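Have a look at the structure below, then the notes.
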Amino acid sequence: MTHGISKRYFLAGGISALAAGVAFADAPGKSLRPRARGGDFHKRAVRGPKDLIRDAKLNGHVAYAVADAKTGARLEANTPTAQVAPASVTKAVTALYALDRLGAGHRFQTRLMATGSVSNGVVSGDLVLVGGGDPTLDTNDLADMARQLKAAGIREVRGAFKVYEGALPFVKTIDTDQPDHVGYSPAVSGIALNFNRVHFEWRRASGKYSVTMDARSDRYRPDVTMARMRITERSIPVYSYADQKGVDTWSVARSALGGGGSRWLPVRKPGAYAADVFRTMARAQGIRLKPAQGMKRAPQGTVLVTHQSEVLREILRDMLRFSNNLIAEMVGMAATARGGRNPSGLRASASAMNAWAKSKLGVSGMKLQDHSGLGAGNRMTADAMVDTLVKVYASNTLRPLLKPVAMRDAKGKVLKNHPIAVNAKTGTLNFVSGLGGYMEAKDGSVLAFAIFSGDEAVRKRIKKANREAPQGARGYNKRAKRLQQQLIERWGTLYGS
């Protein structure tokens, strides 16, 4: 048996070689035939869930539930009502929430507005970069907007250059328990650029380092002034952050740099970041702008340029595929704000999503505190996730957006042409692993499932500085994913053949 229950039949027994001259008393007149085992022997040979969970050696909890996706009939479960950390499986709920509130064809807009008159290519008042909650805006888009501004005949702005990011509330970091330097926990506001990450690169030549901080894309590499880096003589911490006079100020330990390299660091001032880069792009078009100022109230004036995002459906597909935290938080808060009132922050917005799940889907058991699943306080039951999946199955809303999850053997090698097809959302935190979605068995049966495992005791002991890659987390995750596949194969055999 290569792994789990991928081989469905076990052949037992055999023929023993008998020594010469030995005879049977009352020997039968014809050969004995083996006793029929019945057509469901392969099902009875499947290992039980308790054995699989025990052999996975996952301390803490393992909670799961599986149901017929069409009828909702429960087929199997283990502590399905336990409140556990769902990690990024949360994003599947966020996708449904955003689709319901905003619509699959919704597009986010980023605009350039003039607050004063425009005559002969001169803006007499202010030029405002107005964020509209687009989580996918990048440096290429700002360059295109600068080019369109020039094409509109604008050559001079006599007033101030301002940026408005109040379409969504400002959040300094998605999860305060994460290290300062991790790119997956940036600031959130009504404007974002490059997923609110800035590119830090270092090179060593003749014993000296040169560093750059830029907003690179596949077409451009503009340096930024709103973030800076200095190298210090220390061993730990590797990175440190401070807000110094409105500038994201970083330092890095020289001993950790080696010969050269790069990484994306989180941006804590999204409005300043986007404005900084747009000034550079406008200057390249011959339009000089003053240093940007923030503004608290939405501007009124003439729209000069409008950039539209992809439709929401495609944004959500990428969010689920790449498990992007910033997209989840921005579309989640935008969905809450669609009701006419901005939430005060992530927790308030997540609370609104919990209430939506209960009223719209009839699902209880969700106690989410953000839209990405990054925060340690998020809780969900396996039953709640399965109820959600069953509720939306007939509408085919979520399943096409979920990423195909390959079935693998015990060594992690992808098994091509496996009879079970899985479309699901993964979720990974330190010593937490989740998987929720749909599986289609060999006979065409579709099951909805959710599997959550986590060792909260070990997780709580990890120091903040070590939370990017703590010792033992990778091994735990590997064992958890192995158990997920074994359970899926078990269900495919028992309920899909």
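It should be emphasised that the depicted structure is a prediction, and the values quoted were computed from it without experimental measurement. If you read the sequence from its start, that first residue is 1, and numbering goes on from there.
Screening Leu129, Val130, Leu193 against Thr110 for a side-chain contact (heavy atoms from CB on, under 4.5 Å) leaves a single residue, Leu129. Under the side-chain hydrogen bond (donor to acceptor under 3.5 Å, both in side chains) test applied with Gln178, the options Asp180, Asp175, Thr176 reduce to a single match, Asp175.
The two residues Leu398 and Ala95 make their nearest non-hydrogen contact at CD1-CB, 4.5 Å. Looking at every heavy atom in both residues, Ala275 comes nearest to Phe161 through O-CE2, 3.6 Å. Taking both residues in full, the closest heavy atoms of Gly434 and Val89 are given as C-CG2, 3.7 Å, listed atom of the first, atom of the second, then distance. Of all heavy-atom pairs between Ser453 and Val62, the closest is CB-CG2, 4.1 Å. The two atoms that bring Val93 and Trp356 nearest to each other are O-CZ3, 4.3 Å, heavy atoms only. In terms of heavy atoms, Pro169 sits closest to Ser344 at CB-O, 4.0 Å.
The salt bridge (charged side-chain N to carboxylate O under 4.0 Å, His left out) search around Arg317 returns Glu314, not counting sequence neighbours. For Glu456, the salt bridge (charged side-chain N to carboxylate O under 4.0 Å, His left out) partners are Arg379, not counting sequence neighbours.
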Going through the distances and angles, do Val198 and Trp264 end up as a side-chain contact (heavy atoms from CB on, under 4.5 Å)? CA-CA 5 Å; Val198 63; Trp264 291 92; 5.5 Å; no
Test ring pair (Phe, Tyr, Trp, His ring centres under 6.0 Å) on Trp202 and Tyr209; report intermediate values, then the result. CA-CA 7 Å; Trp202 65 96; Tyr209 284 100; 8.0 Å; no
Would Asp100 and Lys360 count as a salt bridge (charged side-chain N to carboxylate O under 4.0 Å, His left out) here? Give the steps. CA-CA 9 Å; Asp100 182 64; Lys360 183 76 175 184; 3.4 Å; yes
Would you please test Tyr97 and Thr336 for side-chain contact (heavy atoms from CB on, under 4.5 Å) and show each step? CA-CA 9 Å; Tyr97 181 50; Thr336 300; 2.7 Å; yes
Give the C-alpha distance, both sets of side-chain angles, the deciding distance and a yes or no for side-chain contact (heavy atoms from CB on, under 4.5 Å) between Lys70 and Val446. CA-CA 8 Å; Lys70 295 181 181 179; Val446 179; 5.7 Å; no
Go through the steps for Val432 and Val84 under the test side-chain contact (heavy atoms from CB on, under 4.5 Å), then give the verdict. CA-CA 9 Å; Val432 170; Val84 296; over 6 Å; no
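A salt bridge links Arg216 with Asp214; the closest basic N to acidic carboxylate O contact falls under 4.0 Å. A salt bridge is defined here as a Lys NZ or Arg NE, NH1 or NH2 lying under 4.0 Å from an Asp or Glu carboxylate O, and Arg74 with Asp387 meets this definition. We find that Glu468 and Arg263 are joined by a salt bridge, their nearest charged nitrogen and carboxylate oxygen being less than 4.0 Å apart. Note on Asp144 versus Arg219: salt bridge recorded, some NZ/NE/NH1/NH2 to OD/OE distance being below 4.0 Å. Salt-bridge formation is not detected for the pair Lys269/Glu165: no Lys NZ or Arg NE/NH1/NH2 atom is positioned less than 4.0 Å from an Asp or Glu carboxylate oxygen.
Sorted by first and then second residue, the ring-ring contact (aromatic ring centres under 6.0 Å, His included) pairs with a member in residues 164-188 read His181-Tyr239; sequence neighbours excluded.
Taking the side chain as every heavy atom from C-beta outward, His61 and Thr79 never approach each other to under 4.5 Å. Counting heavy atoms from C-beta outward, Leu142 and Thr280 have side chains that stay 4.5 Å or more apart. Contact check for Tyr64 versus Glu76: side-chain heavy atoms found under the 4.5 Å cut-off. Side-chain contact check for Gln83 versus Lys367: some heavy-atom pair is nearer than 4.5 Å. The closest side-chain heavy-atom distance from Leu96 to Thr397 is below 4.5 Å. Counting heavy atoms from C-beta on, the side chains of Ser240 and Arg234 come closer than 4.5 Å. When side chains are defined from C-beta on, Val392 counts as touching Ser395, because their heavy atoms get closer than 4.5 Å. You'll find the side chain of Lys50 stays beyond 4.5 Å of the side chain of Asn78, heavy atoms only.
Counting only N and O atoms by type, the side chains of Lys91 and Asn325 include a donor and acceptor under 3.5 Å apart. A side-chain N or O of Lys425 and one of Ser323 form a donor-acceptor pair less than 3.5 Å apart. A side-chain N or O of Asp134 and one of Thr136 form a donor-acceptor pair less than 3.5 Å apart. In this structure, a donor-acceptor pair under 3.5 Å is absent between the side chains of Arg221 and Thr139. A donor-acceptor contact closer than 3.5 angstrom is absent between the side chains of His371 and Thr90. When only modelled atom types and interatomic distance are considered, Asp218 and Asn140 share a side-chain donor-acceptor pair under 3.5 Å. For the residue pair Thr232 and Ser251, no side-chain donor N or O sits within less than 3.5 Å of a side-chain acceptor on the partner. At a cut-off of 3.5 Å, with distance as the only test, no side-chain donor of Gln109 or Thr306 sits close to an acceptor on the other residue. Side-chain polar atoms of Thr225 and Asp276 form a donor-acceptor pair below 3.5 angstrom. For the 3.5 Å distance criterion, the side chains of Tyr495 and Asp68 fail to qualify, holding no donor opposite an acceptor. Side-chain N/O atoms of Ser262 and Glu201 include no donor and acceptor closer than 3.5 Å.
The number of heavy-atom neighbours closer than 6.0 Å to CZ of Arg399, taken from other residues, nucleotides and ligands shown, is above 12. Counting non-hydrogen atoms of other residues, nucleotides and ligands closer than 6.0 Å to CZ of Arg203 gives a total of 12 or fewer. Residue Arg54 places its CZ atom among more than 12 non-hydrogen atoms of other residues, nucleotides or ligands, all under 6.0 Å distant. Residue-environment remark: NZ (Lys172) stays at or below the threshold of 12 foreign heavy atoms within 6.0 Å. Lys481 NZ: more than 12 foreign heavy atoms inside a 6.0 Å radius.
Rounded to the nearest 0.5 Å, atoms OG (Ser88) and CG (Leu320) are 9.5 Å apart. Summarising the geometry, atom CG belonging to Asn477 is positioned 14.0 Å from atom CZ belonging to Arg482; distances are rounded to the nearest 0.5 Å. The line from CZ of Arg490 to CG of Asp51 is 9.5 Å long, rounded to the nearest 0.5 Å.
Taking the six-membered ring wherever Trp is involved, the centroid distance between the rings of Tyr393 and Tyr438 falls below 6.0 Å. When ring centroids are compared, Trp250 and Tyr241 come within the 6.0 Å threshold.
Proximity of a side-chain donor or acceptor of Asn194 to a complementary backbone N or O of Asn196 within less than 3.5 Å is not detected. Between the side chain of Thr249 and the main chain of Val247, a donor-acceptor pair closer than 3.5 Å is present. In this structure, Asp383 contributes its side chain and Gly365 its backbone to no donor-acceptor pair below 3.5 Å. No side-chain donor-acceptor contact under 3.5 Å links Asp243 to the backbone of Asp248. Gln369 contributes no side-chain N or O that, together with a main-chain N or O of Ala350, makes up a donor-acceptor pair within less than 3.5 Å.
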